[in-house]
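First up is the structure itself, then whatever we jot down about it.
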Amino acid sequence: MTERNLRLCPNGRVICGITLLLSLILSPGLAGAVDVIANKNVSVNSISLASARAIFGMRQVKWPDGTPIRVFVLPDNHVLHGAVCKERLNIFPYQLRQSWDRLVYSGMAQAPSEAMSEEELLNKVAVTPGAIGYVRKVKANDPVKILNVE
Amino acid sequence: MLNKWGLCVFLWAAFLSLPANAQELAEGIQAHGFLSQSVVRTTDNNVGGNSDDELAWDLRELGVNLSWRPNPDWLISGQALARWAGDTDEGELRLDYGFVDRALYNRGEAQIGVRLGKVKNPYGFFNTTRDVAQTRPSIIMPQSIYLDQVRNFFLAAPGISLYGNADSDQGALSWQVSSIQPEVDDVDLEYMTFLRDLPGKFAGRNSWLGQVMLDRDGGRWRMGVSLGEMNMRYQPGRSPPLDLLGGTHRLPTWVLSVQHNSEDWTYTAEYAQTQVIARDYGATFEDNTIESGYLQATRRFANSWQGYLRYDVLYLDRNDRDGIRFASSLPGAPAHSRFAKDWVVGVRRDMDRLALSAEVHRVDGTAWLARVDNPAAGLVRNWDMLLLQAAWRF
């Protein structure tokens, strides 16, 4: 048994390495390319994956301190929207759309607010209390905070 | 009745005059809506008007909703709907849903709440938004599970619902249980249960419906169970022999729903059984079980194109699937009116808020055709259908 494991291990590492290499080649510029941001008055600095999905899925509507959450997103076909879904939320963009539509057209929740550009989204998150959104990369003097999704 | 064309033109104009981001009317207040128009042509039988060898234009949906969230624990929502479907639905404007939602527990990723008013009934994957074209898996719903003839009965009803959501890193669980008084003032339902339009009418009785839905791994797997018992009473309009005596119908029902989602593919399967138990009519109705299910594969292509293939089966009596026993006991009633096997292939293209679709059906059986549009004598067992649809939402 031990011997078999020993023999399998190096192979496993090679496969692992190839997969990693392939994923780096196949997704240029995507990994780490999007930051989840929040208004500066939001009282938390990190949220769980479950919470991020619940927030962007419009099910969780308030922060732990009771402040209403305002969700800002880019249009469905925006490259950054695809990136935040896949990279941060681990969900396909079409599924997020389906789940919003199910809630919005049965009256069970409200839709996120849509910004037309990354710049508009950043500005809205900066001026709206309780706001959450995402941008390509937060710059040092941007008037928002980064939320770690763990 | 409202002038359907006038209403249609008015709402079209209202939609088109809205700026692109008019969904947000004020702090916490949103408006959304949808609109669709389909064209149908069939080789035989009628769907959405007179479609038999001609183009029928009578499939149309129009809805507008408003919601107000004054604070995170309260939500007030309502939607107006007008729908046209042949002679079964003629564009009468109605309240689709309207309720107050109060969160009782609302902390982090978990919520429990109560909804009071007219609430949409979760039943299978698609029931709550079945009139919104973009949310459907095809132009017309899989009739096995989402039978249009009993649509109003199952769609939404006044009552009270308790619901909950819980998200964890592994998945999301949501559930709703409703105690409702179903709305059953539909001629379709009388054709479905009595095979004709009788002088009296149905009234809803206390019923309940519940659903549990589990989304695993960000929705890669979705699994649900819907369960309930729908009840109604028939109130005769005349004395026998012109009418039946009053009686009750109980419909215990369940649906199993499974879906797998990947980047390019979605596979969906649903299976349902509904018992039909009639009592006290002064005539004997044999209890029966409706059995139905479908399998659909949807493939997403580049540029927001998608294609789908579905096989959909409905048996109105699972102990008489070919309808032969039914036909031999009722002279003039075709056996093929007790089943329908429907192959569907379709394409759809989404362009922002607009979706264009086309689909072709090859159907063996006539069980789900609306009797108001299709007298039994004219039913043809094997028929094909082409549907085109344009749908818009905001």
Would you indicate whether the side-chain heavy atoms of A:Asn77 and B:Asp352 approach each other to under 4.5 Å? no

Could you name the residues of residues 68-80 of chain B that have a heavy atom within less than 4.5 Å of a heavy atom in chain A? B:Trp68, B:Arg69, B:Pro72, B:Asp73, B:Leu75, B:Ser77, B:Gln79

A:Gln98 side-chain N/O to B:Thr135 backbone N/O, donor-acceptor pair under 3.5 Å: no

Under a 3.5 Å cutoff, is there a donor and acceptor pairing between the side chains of B:Asp96 and A:Tyr105? no

Working to the nearest 0.5 Å, report the span between NE2 of B:His32 and CH2 of A:Trp100. 11.0 Å

Can A:Lys86 and B:Glu263 be counted as an ion pair, charged N to O under 4.0 angstrom? yes

Applying the side chain to side chain contact (heavy atoms under 4.5 Å, CB included) criterion to A:Ser106, which one of B:Asn65, B:Asn121, B:Thr128 satisfies it? B:Thr128

Looking at A:Pro64, A:Ala52, A:Ser99, A:Ala54, which has the largest count of heavy-atom pairs under 4.5 Å with chain B? A:Ala54

Quick check on B:Arg222 against chain A: is it the side chain, the backbone, both or neither that has a heavy atom closer than 4.5 Å? side chain

Donor-acceptor pair, distance only, cut-off 3.5 Å: does the side chain of A:Gln110 make one with the backbone of B:Gly28? yes

Heavy-atom proximity to chain B below 4.5 Å, by part of A:Gln95: side chain

Salt-bridge criterion met for A:Asp101 and B:Arg393 (N-O under 4.0 Å): yes

Are side-chain N/O atoms of B:Glu24 and A:Ser113 paired as donor and acceptor at under 3.5 Å? yes

Side chain / backbone / both / neither for B:Gln306 at chain A, heavy atoms under 4.5 Å: neither

